[in-house]
Each structure stands twice: as C-alpha cells, then as structure tokens.
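Keep in mind that the numbers below use all heavy atoms, side chains included, and drop hydrogens, waters and symmetry copies. Throughout, protein chains are lettered first and strands after them, A, B, ... in sequence-line order, and every chain is numbered starting at 1. Because the structure is a prediction, the values reported are computed rather than measured.
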Amino acid sequence: DQQVKQNSPSLSVQEGRISILNCDYTNSMFDYFLWYKKYPAEGPTFLISISSIKDKNEDGRFTVFLNKSAKHLSLHIVPSQPGDSAVYFCAASTTTSGSRLTFGEGTQLTVNP
Amino acid sequence: ETGVTQTPRHLVMGMTNKKSLKCEQHLGHNAMYWYKQSAKKPLELMFVYNFKEQTENNSVPSRFSPECPNSSHLFLHLHTLQPEDSALYLCASSQFPGASGTDTQYFGPGTRLTVL
C-alpha cells in the first residue's frame, strides 16, 4: 500500500515557464512534507519542506503548496531553468515517526531551452 | 571529502559472493540510514542507526547485514543475494536521531548493485 504517490512519471516544460509537480498521500497522520531533487549519478538533495500547519512555503523560485483536505501537495518552480531538469521526489513523515520518511516514486522533470 | 560518500559506486556480484557497501558522513550527524531504490519504485527505508544503535529494521531479509561502528561510518554487508536485490542502495545521515520528521536527511550518491 503506497502512502505517497506521484502519478506523473515525467513532465516536460519550456524554459521560463512554470513547472508544477504533484504529489498525493493517503496517511492523514503525515504532518511534514519534503521535496528532494535528484540528478543522475548523485543522491537526492533536499529542496524544500512544509509543515502541516502551513499551506504554503516559498524559497526563491520554489514554492510548495499543501492542501490537507485533499491530501495533496504540489511543487511550483517559476521560472523553470534547464538546470532544474532532474527527478523530483515527494516525501512525507509524521512527528511521531522519528526520522522515517515515506517517498513517492519520483517525477522526471525536463526543462527545454 | 564533504557530505556523504559511498563506495563502491558500482558493484557486480554473483549470488554466492560476499561483499560490503561503505558509507561515510562528514557532517557530524548522529543518525544514519540505508535505503533501497529499485527501478520505478520509491525509495524504501531499510535500516536506521541512531548514535550507532540500530533503531529500525524495516523487515529486511537477513542476507543484508548492517554495521555501524561509529556515528560517521555505516556498512551494509551482503551475502547470498538474489537477482531481485539489484538496485541502487543509498546511504543518508541526519543530525538529530529520533527527532520529529523535520530532521533533514542528506544522501550519498548511492551504490548501483547488480546481482548476477
């Protein structure tokens, strides 16, 4: 039973446009959400996070939105750059689960020049 | 060296071999993790170590044997693996063991394992 799902395996956007990556979860106990980015031959790197007490968190070109009622979060990248091309993983945790993260399958983002 | 390093980066082994994966973190963290990523699947947590003590084993088969001699080093000993164990094995570390899920994990580049 996969508790975190990223239903789009890939996304292609033009440079300068907005990239929107989506993630859905089923466990209502999740209260902290993260996005990681992974380049080929490298490990995932932390990008941005959001606590369930918020519905938006912004860091430069990256904004994460959380809709708790829909159990849905999204990552917006504006403007998209070719260097953003990578696999993006959504992850979730609970404050009672210690350091356990539950990951989605990942979405391959390609930003075309 | 900075961050989290893993060796070897690639490993091919037969089902009867014994090999070990090594992870080292240079971040002064106190928790270390092993993850497995199979093709087209999410990262799966395998083991968690906090202050060198194993605190989580996510129902991993005994052919995978972790070892954490200190907070900076983590090993994964492999023996009699199966072809379906072929995957990317990622090591991670974080600063505050047992903290809430807000403790950011930092990943190494992974070891690509192929079992023939």
Side-chain angles (χ1 to χ4, degrees), chain A residues 1-10 23-54 57 59 64 66 73 86-108, chain B residues 2-10 21 23-25 27 29-51 53-59 74 88-112:
Chain A
D1 175 35
Q2 202 166 320
Q3 299 183 62
V4 177
K5 287 189 68 66
Q6 294 175 254
N7 290 313
S8 298
S10 63
C23 178
D24 296 294
Y25 61 96
T26 58
N27 187 344
S28 57
M29 297 298 291
F30 287 144
D31 56 10
Y32 193 70
F33 304 88
L34 309 90
W35 285 93
Y36 279 81
K37 178 171 73 172
K38 185 181 185 302
Y39 293 117
E42 295 182 14
T45 55
F46 171 73
L47 189 57
I48 192 170
S49 63
I50 188 168
S51 165
S52 61
I53 62 174
K54 295 185 175 182
N57 188 27
D59 183 3
V64 56
L66 175 62
L73 67 156
V87 177
Y88 289 78
F89 293 98
C90 168
S93 68
T94 70
T95 51
T96 57
S97 68
S99 307
R100 170 180 276 274
L101 291 178
T102 301
F103 282 86
E105 311 94 317
T107 296
Q108 171 70 57
Chain B
T2 58
V4 181
T5 58
Q6 290 186 243
T7 54
R9 295 294 307 274
H10 299 271
L21 310 184
C23 174
E24 184 173 0
Q25 59 94 2
L27 300 168
H29 289 168
N30 296 304
M32 297 188 78
Y33 313 78
W34 278 118
Y35 285 87
K36 173 184 178 182
Q37 187 182 21
S38 303
K40 307 296 184 187
K41 288 188 176 180
L43 277 75
E44 300 173 61
L45 180 66
M46 299 175 73
F47 302 103
V48 180
Y49 277 81
N50 292 330
F51 292 109
E53 298 298 320
Q54 187 181 123
T55 56
E56 188 152 356
N57 176 336
N58 195 24
S59 303
L74 185 64
L88 180 67
Y89 289 85
L90 289 158
C91 172
S93 70
S94 68
Q95 188 167 15
F96 302 113
S100 70
T102 60
D103 189 24
T104 300
Q105 295 181 25
Y106 295 81
F107 286 82
T111 295
R112 175 68 63 185

Here the pair of heavy atoms bringing B:F107 nearest to A:P44 is CB-O, 3.3 Å
Can you tell me which portion of B:L90 sits under 4.5 Å from chain A's heavy atoms? Options are side chain, backbone, both or neither.
side chain
Step-by-step side-chain contact (heavy atoms from CB on, under 4.5 Å) determination, B:Q105 to A:L34:
CA-CA 10 Å; B:Q105 295 181 25; A:L34 309 90; over 6 Å; no
Nearest 0.5 Å, what's the CG-OH distance between A:L101 and B:Y33?
7.5 Å
B:R9 side chain to A:A41 main-chain N or O, any donor-acceptor pair under 3.5 Å?
yes
Of the backbone (N, CA, C, O) and the side chain (C-beta and beyond), which part of A:F89 lies under 4.5 Å from a heavy atom of chain B, both, or neither?
side chain
Under 4.5 Å heavy-atom distance to chain A, tell me which part of B:Q37 shows up: side chain, backbone, both or neither.
side chain
With only heavy atoms counted, which part of A:K5 is less than 4.5 Å from chain B, the side chain, the backbone, both or neither?
neither
Which atoms of A:Y36 approach chain B - backbone, side chain, both or neither, heavy atom under 4.5 Å:
side chain
Chain B contact via A:Q2 - which portion, at a heavy-atom distance below 4.5 Å:
side chain
Counting heavy-atom pairs under 4.5 Å with chain B, which one of A:F103, A:Y39, A:F33 comes out on top?
A:F103
With a 4.5 Å limit on heavy-atom distance, are the side chains of B:L45 and A:R100 in contact?
yes
